[in-house]
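Structure first, commentary second.
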Amino acid sequence: MMSGETLISKFKGALVGAVLGDCIGSIFEGLWAKSIAIEKVLKKVDKVESEAEKTDDEDRKIWEYTDDTAMARSVAKSLIEKKGLDPKHMAQMFSEEYFKEPFRGYGGGVITVFTKLKESHYLDPFRPAAEQFDGCGSYGNGGAMRIVPASLFAYKENDPKTLTGLVEQVTKLTHTHPSAVDGALLQSYAVDLALRGSGELKIESFCDELQKRMKEREESEAKKDKKKKGKEEDQPDMIKTSSDFPSLAYTEIIDEIKKCALQDPIPTSEEISERLGTDIAAYRSVPAAVYSFLRASTDINKLEGRNPFEKTIILAISLGGDTDTIATMAGAIAGAWYGLETIPQSWQRSCEAVDDALTFATELHKINTSDE
Ligand code: AR6
Ligand code: MG
């Protein structure tokens, strides 16, 4: 049984870890390099740490969050306020947040969803997302990048089906492509396992448990698809097929994540970017986040003095590509496993909205520990 103190530290770790991954990762976003030398990441991290030492708040630099955190904040706020999922409310929060601060670096397609949501007064909050990309839905990682509060909210139930249902709905407000939904699920399962984990991190058993959950999900979706396809043949124009995304794609890539995390010597960032991906597609970025968390539990050259949370963020960024989103997802998992105590104070001081993340974590913990 986990103590209350440990659990709250893990809740806080997850949300703060996500914010820091986003803020620090976004320093490199837009470079779109296949890899970024660890030394280069360390140089920026040194800067983040030295800014934190400045006592005068006026000239202390604060690294700002991007759309990843903006959207995760709405997920947290809506779940807390409504004590559960209210799709219209959450959709409205996403959209209003975007129109209030459109400069946060949102994906090119998702903006259409926010506009349509607003124009339709949120009447059918799932419709605009379903219409994206000719009815295929977005395969971007925008669902996965913001999902961490859902894992915290559903923690008490301890039932993968409850978490799956919640994540599916939260994701489908903007992303309906199966690979975006399943990517968000993979991320949410990883955070859930990390919240429940303790002691030494065992790469193999973590991957096996993750794979078991993903396989169950993907097999059940494949069955549903088969049924749907049968019906479509009878009514060719009635139902649109979403895609030809391979049905066990995530189940299979977890084998690759495991191999990369156990490989000796450590694969280069270029190799990870080829084998797992580091771009804006969920399928080509959530695996890199899980990998970063797992690999950071091992020794990494040039990161000897850093703890596993710090190593997770630095390694995730060094992979290149969509650095803020990969680092936010990796940071959420690492923060959930290692807890708030492992997250450097200096990083917390130098990044925007950490206080809010702490408040949301406390509220979500309360929901989990109340008797209602
Ligand atoms: N067909 C063709 N292109 C697609 C499809 C599709 N089905 N789905 C996505 N794209 P979007 P996100 C391409 O707008 O997932 C930010 O930096 C298309 O070019 O849904 O919310 C975030 O922080 C589209 O514009 O965004 C994330 O890191 C793009 O993928 C990242 O962007 C993004 O999809 C993705 O955010
Ligand atoms: Mg981003």
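Source: prediction; values computed, not measured. Just so you know, ligand 1 is whichever comes first in the structure, and atom 1 is the first atom listed for that ligand. Quick note: residue numbers are just sequence positions, from 1.
Side-chain atoms of Thr164 and Tyr189 include a donor-acceptor pair closer than 3.5 Å.
Scored by the salt bridge (charged side-chain N to carboxylate O under 4.0 Å, His left out) test, Lys40 finds no partners at all (sequence neighbours excluded).
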Could you pull out every donor-acceptor pair under 3.5 Å between side chains of residues 72-81 and any protein atom, sequence neighbours left out?
residue	atom	partner	partner atom	Å
Arg73	NE	Tyr65	OH	3.4
Arg73	NH1	Asp356	OD2	2.8
Arg73	NH2	Asp356	OD2	3.2
Ser78	OG	His89	ND1	2.7

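Rounded to the nearest 0.5 angstrom, Thr176 OG1 and Arg127 CZ are separated by 12.5 Å.
Within the 3.5 Å criterion, the main-chain N or O of Val286 finds no donor-acceptor partner in the side chain of Asn141.
For ligand 1, the 4.0 Å heavy-atom shell contains residues Glu29, Asp67, Asp68, Gly105, Gly107, Gly108, Gly109, Val110, Phe133, Gly137, Ser138, Tyr139, Gly140, Asn141, Gly142, Met145, His175, Ile280, Asp322, Thr325.
Classified by interplanar angle (parallel below 30°, tilted 30° to 60°, perpendicular above 60°), the ring pair Trp347/Phe309 is tilted.
A distance of 6.0 Å or more separates the ring centres of Tyr139 and Phe245.
At a threshold of 4.5 Å between non-hydrogen side-chain atoms, the residues Ile27 and Ile317 do not count as touching.
If you count the protein N, O or S atoms nearer to the Mg ion (ligand 2) than 2.8 Å, you get 3.
Taking the centre and axis of the six-membered ring of Tyr250, the NZ or CZ atom of Arg213 falls outside the cone set by 45° and 6.0 Å.
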